[in-house]
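Just so you know, these numbers use all the heavy atoms, side chains as well, and skip hydrogens, waters and symmetry mates. Chain naming here is simple, since letters A, B, ... match the order of the sequence lines and numbering starts at 1 in each.
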There are 2 protein chains.
Amino acid sequence: MKNRRITLKDLAKDLNLSASTISRALDNHPAISDATKKKVQRKAEELGFIPNSIASSFRTKKTKSIGIIVPRIDIHFHSLVISGIEDFAYKNGYNVTIFQSKDSLKREKEIAKILQNRMVDGIIICLSIETEKCDHFKKFDKLGVPMVFYDRVPTDFDANKIVINDFESAFTATEHLIKKGCKRIGHIAGSQKTDIFKARLEGFKAALQKYKLPIHQDLILQTKHLGYEEGVICAKKYLEFSELPDGIFCANDYTAVSVIQVFRKHGVKIPQDVAIVGFSNYPISKIIEPNLTTINDCAFQMGESSAKLLIRHIEDKDEFINSESITLRTNLIIRESTQLSNA
Amino acid sequence: MKNRRITLKDLAKDLNLSASTISRALDNHPAISDATKKKVQRKAEELGFIPNSIASSFRTKKTKSIGIIVPRIDIHFHSLVISGIEDFAYKNGYNVTIFQSKDSLKREKEIAKILQNRMVDGIIICLSIETEKCDHFKKFDKLGVPMVFYDRVPTDFDANKIVINDFESAFTATEHLIKKGCKRIGHIAGSQKTDIFKARLEGFKAALQKYKLPIHQDLILQTKHLGYEEGVICAKKYLEFSELPDGIFCANDYTAVSVIQVFRKHGVKIPQDVAIVGFSNYPISKIIEPNLTTINDCAFQMGESSAKLLIRHIEDKDEFINSESITLRTNLIIRESTQLSNA
DNA sequence: CTGAAAGCGCTTACAG
DNA sequence: CTGAAAGCGCTTACAG
């Protein structure tokens, strides 16, 4: 049942040509005559020849494969990024191999070890939440395997990075609340151990400062993982204040959604009483009522850009470039949670 | 900067042993003395030897790699399945390479072609929505590359399959509505070209028949993709009836969510006036208000089972087994959309 | 324009 | 318990 596979040699014997010529003909090498190329290609088709890519990778030391390490693939942000990576990679003849660190430094190190085995030409990484030092990735620099980091990126060494400007985005989000007339603005913050959430908090504060509004420390609520349940707890805390905030910038959409739901249940009107802005433009932001104003974090584009940058580094190594850092443009999507719809 | 990699030969020279012995020692071959093993392993560690997995794959014809073809990875169901696959694969020393068919038959065929190049030891597939005939996958049988299909599986040939019982699940969901006292029950159906949605409709009808309830053809609304927007349209259609249904079984959660939202906007109380059941247990089902009663479709487990079955077929080929079909147990998760919470 | 030959880095059947 | 040798299926520098 199981057929032996056709190899270059089989084709060569069949056509009375050398394996070299077959190889070149299939590779559309300029030195081969058109007649021969056609003959070879027809025969290859006829016998159902599929080149053994492992043999080819072995010989050329190129696998046309990209490794991706993400915390979890079932987080929508990451699945969108991966989708962007796969899209760009596919168009350029690369395939993508995926690993989940599960936000465990230990597992991230194991994966880094595995990936040193020549399986991939380059690596795209979003660091695990536990990762503070990136020594386990420095090896790849020495091996000449390019890396691109996105979202959670290393701070302890120069690296190729694709990020958004969290500070600016948070500033824009907060400014939007201010322009809508909010004066007493709260923030639900992510872990301050993570740079991106720190930057969002900073951007929030900077906007208040620019517009000479007071920073109410007690309205800045800290969460660990910006989870939906944590958002519920934050919302309840706000409700205990003698005076509610009139605007809240949430560091992600999940917490924004829970605030909306808890507030509405308590008769707080959104956006009339409190305006809410989220961050990420998750699918739920379009479904929750009122629809959520949020920052579009360009996840798909982040994937595309990561793949593009990585493949460029794989294919033409420019000895003079040590690392590149690319910042993507985010945008504020204004919806009902900060603005009455004119429906 | 870029170091030459250490090979078996380097180790051999360093230790005055043959490459054969090094290879066996690292592989923990029983014929090698413990002393030698230790010596070799220490040296390998010292020099930072990483075996070239491409060379090894080339030699053994095993890549320890699984190919996955999904319609899109940014659909939550698929990202959960992939997560389950990656998890099981990782534990068993396999890695996973992902391709998106984008629900295009043409692209699916291209990918099938690519995967014939020896890159993977086996393949897990969810067919594109356009796929009716699976000839492009039959090649893998001949090549001895095992395949496992999940969710959308082939009907035109025997294959390894992991599915849920859509008929039974739909039956259970509908029966639940009936037991809650619903008598005039509607259904929002997916494309009847797709077996799983056909089975859900059949299960729905079977439950009504068993309990001797009328099947109101006009309350069975057909959609193309079970999208959120399509759900909105269906909901509006229901509202135009002189008499509303008192229960609706939706073939997925998106349409269920839109029905809930549209109905509530029109003052229809859920579950008092109309009880709603969805299908899939998407994250939104826990967030929408009221929370959605739905069928847990075991996406993660489906991934695990697919990987498990595939790896079994890769590692011990049993000549007597032609194909296996595994049906996973789903369960109904009862929430507020069919039952008043006792809070 | 085509071919002969070497070699990529492993693994393994065979020999001792 | 260890080694010599062959070979997996390609690619490519060299020769003609």
Side-chain angles (χ1 to χ4, degrees), chain A residues 2-41 43-44 47-65 93 116-121 143-144, chain B residues 2-41 43-44 47-65 114 116-121 143-144:
Chain A
K2 189 172 156 185
N3 313 12
R4 200 180 66 78
R5 307 227 190 186
I6 308 294
T7 68
L8 277 190
K9 263 190 204 162
D10 298 324
L11 282 181
K13 207 185 297 173
D14 241 58
L15 290 166
N16 257 322
L17 286 167
S18 73
S20 327
T21 303
I22 306 288
S23 173
R24 291 194 187 101
L26 292 171
D27 199 30
N28 205 21
H29 192 285
I32 304 291
S33 74
D34 281 355
T36 307
K37 278 183 192 167
K38 242 172 223 147
K39 213 165 55 176
V40 171
Q41 271 143 15
K43 199 66 172 179
L47 299 187
F49 169 73
I50 303 276
N52 180 332
S53 70
I54 297 294
S56 165
S57 294
F58 174 48
R59 181 56 230 257
T60 61
K61 302 189 192 314
K62 290 277 159 220
T63 61
K64 286 279 193 169
S65 197
Q116 287 172 29
N117 70 1
R118 307 276 199 108
M119 218 166 55
V120 296
D121 294 343
L143 295 172
Chain B
K2 188 170 155 186
N3 313 11
R4 199 178 67 77
R5 307 227 190 186
I6 309 292
T7 68
L8 276 189
K9 263 190 202 162
D10 299 324
L11 282 182
K13 207 186 298 173
D14 241 57
L15 290 167
N16 257 322
L17 286 167
S18 72
S20 330
T21 303
I22 306 289
S23 173
R24 292 193 187 101
L26 292 170
D27 199 31
N28 205 23
H29 192 286
I32 304 292
S33 74
D34 281 353
T36 307
K37 278 183 193 166
K38 242 172 223 144
K39 211 164 56 178
V40 172
Q41 270 143 14
K43 199 66 173 179
L47 300 186
F49 169 74
I50 305 273
N52 180 332
S53 69
I54 297 292
S56 166
S57 294
F58 174 49
R59 181 56 230 257
T60 60
K61 302 189 192 313
K62 290 278 159 217
T63 61
K64 285 279 192 170
S65 198
I114 292 171
Q116 288 173 29
N117 70 2
R118 308 274 201 108
M119 218 166 57
V120 295
D121 293 344
L143 294 171

Legend entry - Salt-bridge criterion met for Asp121(A) and Lys64(A) (N-O under 4.0 Å): no
Inset, instruction - Determine the minimum heavy-atom distance between Ile50(B) and Gln116(A), stating which atoms define it. - result: CD1-OE1, 3.4 Å
Legend entry - Whole-Å distance separating the CZ atom of Arg118(A) from the P atom of dC8(C): 11 Å
Legend entry - Atom-to-atom span, CE of Met119(A) to P of dG9(C) - whole angstrom: 18 Å
Inset, instruction - Over all heavy atoms of both residues, which pair between Arg118(A) and Thr63(A) is shortest? Give the atoms and the distance, please. - result: O-CG2, 3.3 Å
Legend entry - Met119(A) to Ile54(B) - nearest heavy-atom pair and separation: CA-CD1, 4.4 Å
Inset, instruction - Using atom types as modelled and distance alone, determine if a side-chain donor or acceptor of Ser57(A) lies under 3.5 Å from a backbone N or O of Lys62(A). - result: yes
Legend entry - Residue whose closest nucleotide on DNA chain D lies nearer the 5' end, Ala19(A) versus Lys9(A): Lys9(A)
Inset, instruction - Report yes or no: does Asp27(A) contribute a side-chain atom to a donor-acceptor pair with the main-chain N or O of His29(A) at less than 3.5 Å? - result: no
Inset, instruction - Could you pull out the closest heavy-atom pair between Ala19(A) and Ala12(A), with the gap in Å? - result: N-CB, 3.8 Å
Legend entry - pair Leu26(A)-Gln41(A): side-chain heavy atoms closer than 4.5 Å: yes
Legend entry - Nucleotide-level pairing of DNA chain D, given in dot-bracket where Watson-Crick and G-U pairs need both distances under 3.5 Å and | marks other strands: |||.||||||||.|||
Legend entry - Separation of atom CG in Leu8(B) from atom C1' in dA4(D), rounded to whole Å: 15 Å
Inset, instruction - Select base, sugar-phosphate, or nothing to describe what Leu17(A) touches, counting heavy atoms under 4.0 Å on all strands. - result: sugar-phosphate
Inset, instruction - Measure from the side-chain N and O atoms of Lys43(B) to the backbone N and O of Phe49(B), and report whether any donor-acceptor pair falls under 3.5 Å. - result: no
Legend entry - Nucleic acid contacts of residues 28-40 of chain A, taken as heavy-atom distances under 4.0 Å to DNA chain D: none
Inset, instruction - Specify the separation, in whole Å, of atom CD1 of Ile50(A) and atom P of dG9(D). - result: 15 Å
Legend entry - Flag for Ser23(A)-Ser20(A): side-chain donor and acceptor within less than 3.5 Å: no
Inset, instruction - Measure across Asp10(A) and Ile6(A) and return the closest heavy-atom pair with its distance rounded to 0.1 Å. - result: OD2-CA, 3.4 Å
Inset, instruction - Whole angstrom is fine here: how far is it from NZ in Lys13(B) over to P in dG9(C)? - result: 12 Å
Legend entry - Nearest-Å distance once atom C1' is located in both dG16(D) and dT12(D): 16 Å
Legend entry - Closest-nucleotide 5' rank along DNA chain C - winner of Ala55(B) and Asp27(B): Ala55(B)
Legend entry - Donor-acceptor contact present, side-chain Thr60(B) to main-chain Ser56(B), <3.5 Å: yes
Legend entry - Spacing of Asn52(B) atom CG relative to dG7(C) atom P, expressed in whole Å: 18 Å
Inset, instruction - Tell me whether Phe58(B) is stacked on the nucleobase of dC10(C), counting only the six-membered base ring and applying the 5.5 Å and 30° thresholds. - result: no
Pull out every protein N or O sitting under 3.5 Å from an N or O of nucleotides 13-16 of chain D, one pair per line with the distance.
| residue | atom | partner | partner atom | Å |
| --- | --- | --- | --- | --- |
| dA13(D) | N6 | Arg24(A) | NH2 | 2.3 |

Legend entry - Ile22(A) CD1 to dC1(C) P, straight-line distance once rounded to whole Å: 16 Å
Legend entry - Distance below 4.0 Å between Ser56(B) side-chain N/O and dC10(C) OP1 or OP2: no
Inset, instruction - Grab the NZ-P distance between Lys62(B) and dC8(D) for me, whole Å please. - result: 17 Å
Legend entry - Residue-phosphate contact under 4.0 Å: Thr21(A) side-chain N/O, dG3(C) OP1/OP2: yes
